[in-house]
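Owing to the predicted nature of the structure, the values given are computational and were not obtained by experimental measurement. Numbering of ligands and ligand atoms starts at 1, following listing order.
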Amino acid sequence: MNWQTIFKGTGFTSISPDAIEILKDSLFCVDGKGMIAKILQPGEKEYSPLLSQAARENRLVELKPHQYFLPGFVDLHIHAPQWPQIGTALDLPLNEWLNSCTFPLEARYEDTEYARQVYTHLVDTLIANGTTTALYFATIHKESSYLLAEICAEKGQRGLVGKVVMDHQEENPDFYRDASPEEALADTEEFIQQVQELGKTVPQGVYPVVTPRFIPSCSDEALAGLGRLAAKYNVHVQSHCSEGDWEHNFVRKRFGKNDAAALNDFGLLREKSVMAHSVLLDRDDRALFKKTGTAVAHCPLSNAYFANCVAPIKEYMSEGLEVGLGTDISAGYSPGILQNIRQAVTSSRMLEDGTDPSRSPEDRGRRDSRITLKEAFYLATAGGGEALSLPVGKLAPGYAFDAQVVDMTAGNPPFLILPEMDRDILFQKVLFGADPEHIRSVYIQGRKVL
Ligand code: GUN
Ligand code: FE
């Protein structure tokens, strides 16, 4: 017998970017390591005996009517230290926002007690929003960055955490900067080793991430050294890439090439690399992403405020790039991947249809840009798992049992549910209408964390 717990209920999972599978009244058999060993459908020979045995042995978790399993969400881009300023200061351009609001806030994480208070609240909030895996930027401070990894480990969340590198002597403020490239690299290497050690004791995994903030904040020496560390330890890499006009043009001026090419020259585009935003990728940049296995973290809420345009995500998907979703807290005002699923769909419709009423409908928008709800769901779950090269984001054998239970009878008032609504309709209603109050419980690697 290779299962530990059986979860019985109806689940929704992506099976490809544009198709979902509805697993009706299924038995999700989860092994002692928190992995889905098999999924049984009603009518299969083993179904009834296994169900009776699990009930007898007190190893059955059974959903109630109108409760559904969804895979846990993957947040591919989030700045943990920016949580205190969520929902504020969104009227400034990116570089002003960084200098006047964000860097002074991030500098406070030298104080590990401040960090503990914020990070604890944030991880609880993300879990309550159904986020089971998160790829975090912390700050330049290795102690409080490590604390974030510890808090994820403790709370059962799969956290991938980066100590941020920003060592450029002119481009960063004195009060918030790595002292030198040598120190930034030494701190990063120590951080990688510490988090890898911690990860060995954590069932759901915690992982260190090589994290140059973005090219403008890093010296050539630091960027090259980080590329070497990524290869030496084969760890994940994250940064911001071609987010908007200001940053894109800054890099073009410094290197005479686009972000993607410059990052690649430093060895930072790799199979386990995730580049936030990547709004302004040209054909060559996209080819580089594809060749190296670099993924895009699409952050549609943030992009509406800071990117100066809409990322053509459908085009990236059609070309076979790996794409997932990120909240980009606090440039994005919500901790919810659900809100970003909705915004991904909405932004893509505006890109396709255009927005300028003085133009004719034929040349108002950009053809074939829309993302369907099912595609956005894929990005939020399976796409995120693929981006990270981890077996997460699907309710399928061989994947970690990372699941959220959405309860349509929760909330005040609860969802209107009528007999004519089939499960496909209910799925759409959940994705457009659910809030944290409908997320009844959350499991990560088979363990109940909410
Ligand atoms: N580019 C560099 N740092 C940041 C950040 O904190 N947020 C966003 N949106 N873009 C960045
Ligand atoms: Fe960001």
### Query
Between the main-chain N or O of Arg349 and the side-chain N or O of Arg370, is there a donor-acceptor pair closer than 3.5 Å?
no
### Query
Sub-3.5 Å donor-acceptor pair from the side chain of Ser14 to the main-chain atoms of Pro17, do we have one?
no
Quick test: of every protein heavy atom, which one is nearest to [atom], and how far off is it to 0.1 Å?
atom	answer
atom 10 (N) of ligand 1	Glu243 OE1, 2.7 Å
atom 7 (N) of ligand 1	Trp97 CZ3, 3.5 Å
atom 3 (N) of ligand 1	Arg213 NE, 2.8 Å

### Query
Will you find, in the side chains of Thr131 and Asn129, an N or O donor that is under 3.5 Å from an N or O acceptor?
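There is no such pair between these side chains.
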### Message
When you compare the side chains of Tyr176 and Glu106, does any donor N or O come within less than 3.5 Å of an acceptor on the partner?
### Response
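Checked: Tyr176/Glu106 side chains pair up, N/O donor to acceptor below 3.5 Å.
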### Query
Taking the six-membered ring for Trp, is the centroid-to-centroid distance between Phe28 and Phe69 below 6.0 Å?
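So the answer is yes for these two rings.
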Run the numbers for me: atoms of ligand 1, each under 4.0 Å from some heavy atom of [X], listed by number.
X	answer
Asp328	8 (C), 9 (N)
Ala331	9 (N)
His277	9 (N)

### Query
Where on Glu247 is there a heavy atom closer than 4.0 Å to ligand 1, on the side chain, on the backbone, on both, or on neither?
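Answer for Glu247: neither.
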### Query
the Fe ion (ligand 2) is nearest to which N, O or S atom of Asp328?
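This residue's closest N, O or S atom turns out to be OD1.
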### Task
Name whichever N, O or S atom of His240 ends up nearest to the Fe ion (ligand 2).
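That would be atom NE2.
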### Query
Leu76 pairs by side chain to side chain contact (heavy atoms under 4.5 Å, CB included) with which of Asn340, Leu160, Leu388?
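So the option named by the test is Leu388.
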#### Entry: Contact check, Phe306 vs ligand 1, heavy-atom distance below 4.0 Å
no
